[in-house]
Amino acid sequence: MSVPDKPSLDGLEARWDERWEADGTYRFDRSKTREEIFAIDTPPPTASGSLHVGHVMSYTHTDIVARYHRMRGFELFYPMGWDDNGLPTERRVQHYYNVRCDPSLPFDETFDVATFEPQEQPTPLARGNFIALCEHLTVEDEKTFERLFRMAGLSVDWTQTYTTIGEIARRASQRAFLRLVKRGQAYTAEAPTTWDVDFQTAVAQAEIEDRELEGLYHRIAFESEGGGAVEIETSRPELIPACVALVTNPADQRYRDLVGSTVYTPLFDAPVPILAHELADPEKGTGIAMVCTFGDVADVTWWRELGLPTRVVVGRNGTIAPGRFGEPGWPSRDPEKANAAMSVLKGKGTKQARKVVSELLRESGALVGEPKPVRHPVKFYERGERPLEIITSRQWFVKTLEYRDQLLRRGAEIHWHPPYMGARYTSWVEGLNGDWALSRQRFFGVPFPVWYRLDERGQPEYDDPILPDESALPVDPLEEAPPGYTAEQRGEPGGFLGDPDVMDTWGTSSMSPQIAGRWEDDPDLFSRVFPMDLRPQAHDIIRTWLFYTVLKSHLEHGSLPWTDATISGFVFDPDRKKMSKSKGNVVTPLETFEQHGADAVRYWAGCARLGVDAIFDEQQIRVGRRLAIKVLNASRFALASLEGSEGEIGDPLDRSMLKRLSGTVDEATRALDGYEHTRALEVTERFFWGFTDDYLELVKSRAYGSDGGSAIASLRLALSTLLRLFAPFLPYVTEEVWSWWKEGSVHRAPWPSSAELDEATAGADPAVYDAAAWVLGEVRKAKALAKLSLRVEAERVIVHGPEERQKLLRDVEQDIRQAGNVAAIEYVDAAEPSVEVVLPTQA
RNA sequence: GGGCGCUUAGCUCAGCGGUAGAGCGCUUCCCUUACAAGGAAGAGGUCGGGGGUUCGAGUCCCUCAGCGCCCACCA
């Protein structure tokens, strides 16, 4: 045994991280069977972002689960991943190096990522060079992340780390995609899709958010064919040239007679029909809606279900790029007038075009009254700055709608922690309005392993793509030629075209269980870890990461990807604002760790329940630090200050204390089994503080004495148990103390059980410990109220109470007298227990 | 518009059918041989409002209000 004289928290993190790494304490043993393994689908953080205390909280929650299960005897499959593909990385690289990706440039062989310096003007880079720069920067970011997570004490097996742009991830994503195509579950189609005009990429429903925006409702008159006018209301008058119909509800009496008739759009004089559709809401606007291609998702529904033509006026960059009226598909009573109006709009952004059209409408007399200001929700790409447009483009889709019921059932099979989080999944799946648009018109992502044949005129044949053999994966269709073709045939008539798109970043991260488990690359490993046990994550990505992972697993494996999902809340600053970089209220985790120590920060995290948003509270962290220091000092006392040796545990107080501890062990175990780590921490902490405040004081003199064997043995047994109960929460300080007197790591020690304590506690009555602590407390209270030092000897303590209670106390009277500095204890029969303390009158 | 969650001491939160709890903060006292980056003690709540069930309700039911979040085809 080697107990330091002055134990300290300083430097524990570095020392133990190194030691755990050297000893392979958290190394996964793949020889274990699926039943013996507990597998965690760790969230791969966005490598290009920065970690904040919110990450610290949720990853600590997961680590508590991991450490608990490891101590329960499970072999932990607990890898880390880095989500380094996708738009966030592209954006970070663009800013960091002041570059932009220009896919038209040829690859520059001489470009060196390591020595590249940002220039005054943005440097255009070829796709390949840009990707190389992305890979370079993410590697650097990932090192920083790993340092922080190691400091946080995550018991991850760092040899299992994966990235979402790495070869394994690309292969897994592409393989899953190919199989979706072969099963008919993924398809390519030219279809209207939500589109970000700045990033110029398709965006899936899951990445869309509503933002409240100021708008103007314009009431606009359409000329009816029989004369007269039909009025509609719109906040997007610039889409009038894209109008292909008006719709009204079939039950709406006001417009029943108009259904089937034709009206003419103002300014453009295009004839459009008035049609009936259930979706039209008589309560909204005038009860007649303008259908444009495309203003919103309702337009898409009407366009599809009513078989309407397409008249596109908004281009991919968000500017007005109209066709010519008078030409096929662009009918007008007065093409000259229509094209004159169009020429004014051409090239303008939608916002500007809106103002112009508004003025033109006013001049033409079609504007009824003044536009009414409104605040209304508008759809945005979550990372975008301008409203989404709906633009027709060719995309790959994954079928989701037809699996809706199956996916709902899968959601119900998941054990959600907390359970009510399952409702978010359900409401998301129920609200799905289209298949998953999987392709992104971006660069740093997993390419689609697909080529298209070019016909004699050089037009791609999208309906029958060329797919590689799975053994060739991963492939880059922009670098490699498809089977049976040569590189020279790229882009030539009769040759081929590589799919230029990359997958949605969720397309890859939804494969995290398969990537981490080396699906197909290492079938033996995969069979030992999949389906996994746990998916930990935050609630904001239930509709993305969680949903897509369930979808992929359901379609590929016919199973859930894991049985349980733990959902952490967010962390807010003390003013209840969500922490974010732009608000400048971000607390850097590294500083927090350095200032307070990892165990202290983990304690704060451990106090926050799953699913509940937490406050970043330095006060609470200090409490954690105090607890950690207390563990050191109490351990030092129990282990080193006492010179006697262990004896048989026979003293009633000792046995009673251990009985109480046994109950605490049961409670903590039950709590952790139910993913209620806060409760486990709470009961452990409560016992521990009582243990130090009362038990240590009660046994101190006995333990120092010649017959201290029972006390010393009890102290050590309790300490061993408490260290293990605290180990998932305070991995550093518990390991430190463990190392003073035990072999091996506390984190590989068995989780304590009440059975372990049975021998020492058989027949013991926990009420003895409670009663002794109660009397001691009353004595202390009396002295404190009398403003006396605790060292002042009380002349007498008179315990009133029923006989049974007296009996409990008589056995441990000596300990109470010593701990409380009491000369004599007397007993008086009474129904209600109370304590009377006779103190010396003050001089 | 639909759904979920929250509303308990100044603050952060436990408690979920049986006489109001913890930590922090505040006040007082104590350098007691594990611990002064300590320790001991005290003050402080008609458990959001209103109904109901029950011998008994922060605890179950209904209802209202406020806050937060999720979802929604928001013309």
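Remember, it's a predicted structure, so these values are computed and weren't measured experimentally. Each chain gets a letter, A, B and so on, in the order its sequence line appears, and its residues count up from 1.
- Residue D210(A) places its side chain closer to A72(B) than to any other of A72(B), C35(B), G39(B).
- The aromatic ring centroids of W416(A) and Y425(A) lie less than 6.0 Å from each other.
- Y695(A) and F691(A) have parallel rings, their planes meeting at less than 30° on a 0 to 90° scale where 60° marks the start of perpendicular.
- Comparing T301(A) and L776(A), the nucleotide of RNA chain B nearest to each residue sits closer to the 5' end for L776(A).
- Across C35(B), A14(B), A75(B), the shortest atom-to-atom separation from the side chain of R609(A) is found for A14(B).
- G21(B) adopts an anti glycosidic conformation, its chi angle falling more than 90° from 0.
- Pairing for A65(B) is with U7(B), a Watson-Crick or G-U wobble pair whose two hydrogen-bonding atom distances lie under 3.5 Å.
- For W428(A), whose side chain is taken as the heavy atoms from C-beta onward, the closest listed nucleotide among A40(B), A72(B), C73(B) is A72(B).
- Comparing A75(B), G42(B), C73(B) against the side chain of K781(A) picks out G42(B) as the nearest.
- Partner assigned to A43(B) is none, using Watson-Crick or G-U wobble distances below 3.5 angstrom.
- When the nucleotides A41(B), C73(B), U32(B) are ranked by their closest atom to the side chain of R791(A), U32(B) comes out on top.
- Of the candidate nucleotides C13(B), A40(B), C35(B), A40(B) has the atom lying nearest to any side-chain atom of R780(A).
- The separation between R686(A) atom CZ and C13(B) atom P is 18 Å, rounded to whole Å.
- Among the heavy atoms of the strands, none lies under 4.0 Å from Q818(A).
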Exercise for the section: Determine, for nucleotides 24-30 of chain B in 5'-to-3' order, which nucleotides have protein heavy atoms under 4.0 Å from the base (write B), from only the sugar-phosphate (write S), or from neither (write -). Expected result: SS--SSS

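- With the nearest nucleotide of RNA chain B identified for both A614(A) and L785(A), A614(A) has the one nearer the 5' end.
- When distances run from any side-chain atom of E233(A) to the nucleotides G38(B), A75(B), A37(B), the shortest one goes to A75(B).
- The S427(A) side chain lies nearest to C70(B) when the options are A75(B), C13(B), C70(B).
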